[in-house]
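Presented below is the structure to which this report refers.
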There are 2 protein chains.
Amino acid sequence: MRERDEQKQKVIKEKAMQMIVKLGIEGFSMQKLAKAANVSPATIYIYFKDKEDLILQLSKETGDKMMEMTFKNFDPSMNFSEGLKLQWMNRAKYCLKYPEHSMFLEQIRHSALHDKFMSTMGANFKANMHAFMANAIKRKELVKLPVEVYWSIAFAPLYNLIKFHMSGKSMGGQKFVFSEKIMMETFELVLKALQP
Amino acid sequence: MRERDEQKQKVIKEKAMQMIVKLGIEGFSMQKLAKAANVSPATIYIYFKDKEDLILQLSKETGDKMMEMTFKNFDPSMNFSEGLKLQWMNRAKYCLKYPEHSMFLEQIRHSALHDKFMSTMGANFKANMHAFMANAIKRKELVKLPVEVYWSIAFAPLYNLIKFHMSGKSMGGQKFVFSEKIMMETFELVLKALQP
DNA sequence: CAAATATAAATGAATATTCATTCACTTAAA
DNA sequence: TTTAAGTGAATGAATATTCATTTATATTTG
């Protein structure tokens, strides 16, 4: 019996991600992928049921790693400003260390596959965040508000900065580069909004 | 000489937008569009140079209308909290009145055509926003900060709420419906962050 | 005023390419 | 020797775009 060449699967996944990031899902095809990964189109079908399965598997792995890094060293019982800051740092670190992965996830988020992807995503992420919020509100370190409002203020600004950074420019087309200084300046204002 | 049936072009554009919103750019094709709009594929090429031209024209028109509504009754010399509130109201109104248009623009924003689209977009939008910021800072109604930080705090939370609303759910997959109450609650916190 | 002409709109079928996927086959190694 | 990995070429459907015609109508003629 011949063994699977796991290296081969790795190359297929890497090239698939690169291709989706560069060309969008609309520009991604199995035949182009086969060429880029130096395998026969048929080989891809040994490792993945079909195109959708390939993209979903890739999404799940990437999403899991992102979640793992986001909650590294995090505990829902943490003091609010510390806990939020840790999450900002973790998220930023992930996006800057793996820009390709985070751009890939962004593509998935805006594709027709988004729902199928989300249904595989962590339920304990939700639990974690709720516990963190509830603790912070009880300790009067956070104003009382709906989760959606909380999330929108606590994280949307960070993701927006990262989006500017990724595209290399902000709204007018002006150049923009992310820095810890800019991030912390933004963080302090967000904290001001959320603290009682 | 036979005249162009402008109604026909209108139907083509409407169906194109619907199709892109429903299926994503990756699921959009000229032949499917022809069928949906009840015209011959060749007819589309009378009105548009090619597929890209069609999408870009549609994007430009949609983007222009969005900008127009966003800055309705707005003046950069307005008092800060009033001016920002007006923009929030205008943006929310646009997204809720034309959900299809705003979802379409969201698709374009995350497609390979995004750069070409942005290059056609308003330069006076940039000027407007800068003037508004500068005035507000001078009057000490807004803390001094880089445009990117300003934008990320001033608008990203609103767009995030709208995104939740459009998808009908928030982060955990929980149901979510936008309301003016929720919006104003968020707005007040954003204001707290941005005011000195 | 009506018939003829000119012109561009509109078309359905065709083209050449690319797509996802499968098949009959070869190759490596347990 | 057996088993599954791996293949290149094929399949049939879908893709963007064009072609040779037909159709409608504004203008020009008789």
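Here is the naming used below: chain letters follow the sequence lines, and residue numbers restart at 1 for every chain.
- In this structure, the CG atom of A:Leu54 is 15 Å from the P atom of C:dC19, given to the nearest Å.
- Salt bridge absent: A:Lys85 and A:Glu82 never bring a charged side-chain N and a carboxylate O closer than 4.0 Å.
- For the residue pair B:Ser81/B:Asn79, the side-chain donor-acceptor check at 3.5 Å is satisfied.
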Could you list all N or O pairs between the protein and nucleotides 3-8 of chain C that sit under 3.5 Å apart?
none

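- For the 3.5 Å distance criterion, the side chains of A:Arg4 and A:Tyr47 fail to qualify, holding no donor opposite an acceptor.
- Cluster annotation: A:Val11 is not connected to A:Phe48 through the hydrophobic network of ILVMFWY side chains, with a link wherever side-chain heavy atoms come within less than 4.5 Å.
- C:dA28 atom C1' lies 18 Å from atom CD of A:Gln7, rounded to whole Å.
- Here B:Lys163 does not pair with B:Glu106 in a salt bridge; the nearest charged N to carboxylate O distance is not below 4.0 Å.
- Mapping B:Glu3 and A:Glu6 onto DNA chain D via the closest heavy atom, the residue that lands nearer the 5' end is A:Glu6.
- The side-chain tip of A:Arg91 points at the ring of A:Phe155 from less than 6.0 angstrom away and within 45° of straight on.
- Contacts between residues 12-31 of chain B and DNA chain D, counted as heavy-atom distances below 4.0 Å, involve B:Phe28, B:Ser29, B:Met30, B:Gln31.
- Looking at heavy-atom distances under 4.0 Å, A:Tyr47 makes contact with sugar-phosphate atoms alone, never a base.
- If you measure from atom CG of B:Asp5 to atom C1' of C:dA9, you get 9 Å, rounded to the nearest angstrom.
- Of the options B:Phe71, B:Phe80, B:Phe125, a ring-ring contact (aromatic ring centres under 6.0 Å, His included) to B:Phe132 is made by B:Phe80 and by none of the others.
- Within residues 32-45 of chain A, the residues having any heavy atom closer than 4.0 Å to DNA chain D are, in order of number, A:Val39, A:Ser40, A:Ala42, A:Thr43.
- Atoms OG and CD, from A:Ser111 and B:Gln107 in turn, are 8.5 Å apart once rounded to the nearest 0.5 Å.
- The separation between B:Gln9 atom CD and C:dA9 atom P is 11 Å, rounded to whole Å.
- Without hydrogens or angle criteria, B:Asn160 side chain to A:Ala156 main chain gives no donor-acceptor distance under 3.5 Å.
- Across the protein-nucleic acid pair, A:Ile46 atom CD1 and C:dC23 atom C1' stand 13 Å apart, rounded to whole Å.
- Taken from OG1 in B:Thr186 to CG in B:Leu158, the straight-line distance is 8.5 Å, to the nearest 0.5 Å.
- For B:Tyr98 and B:Phe104, the ring centers are positioned 6.0 Å apart or more.
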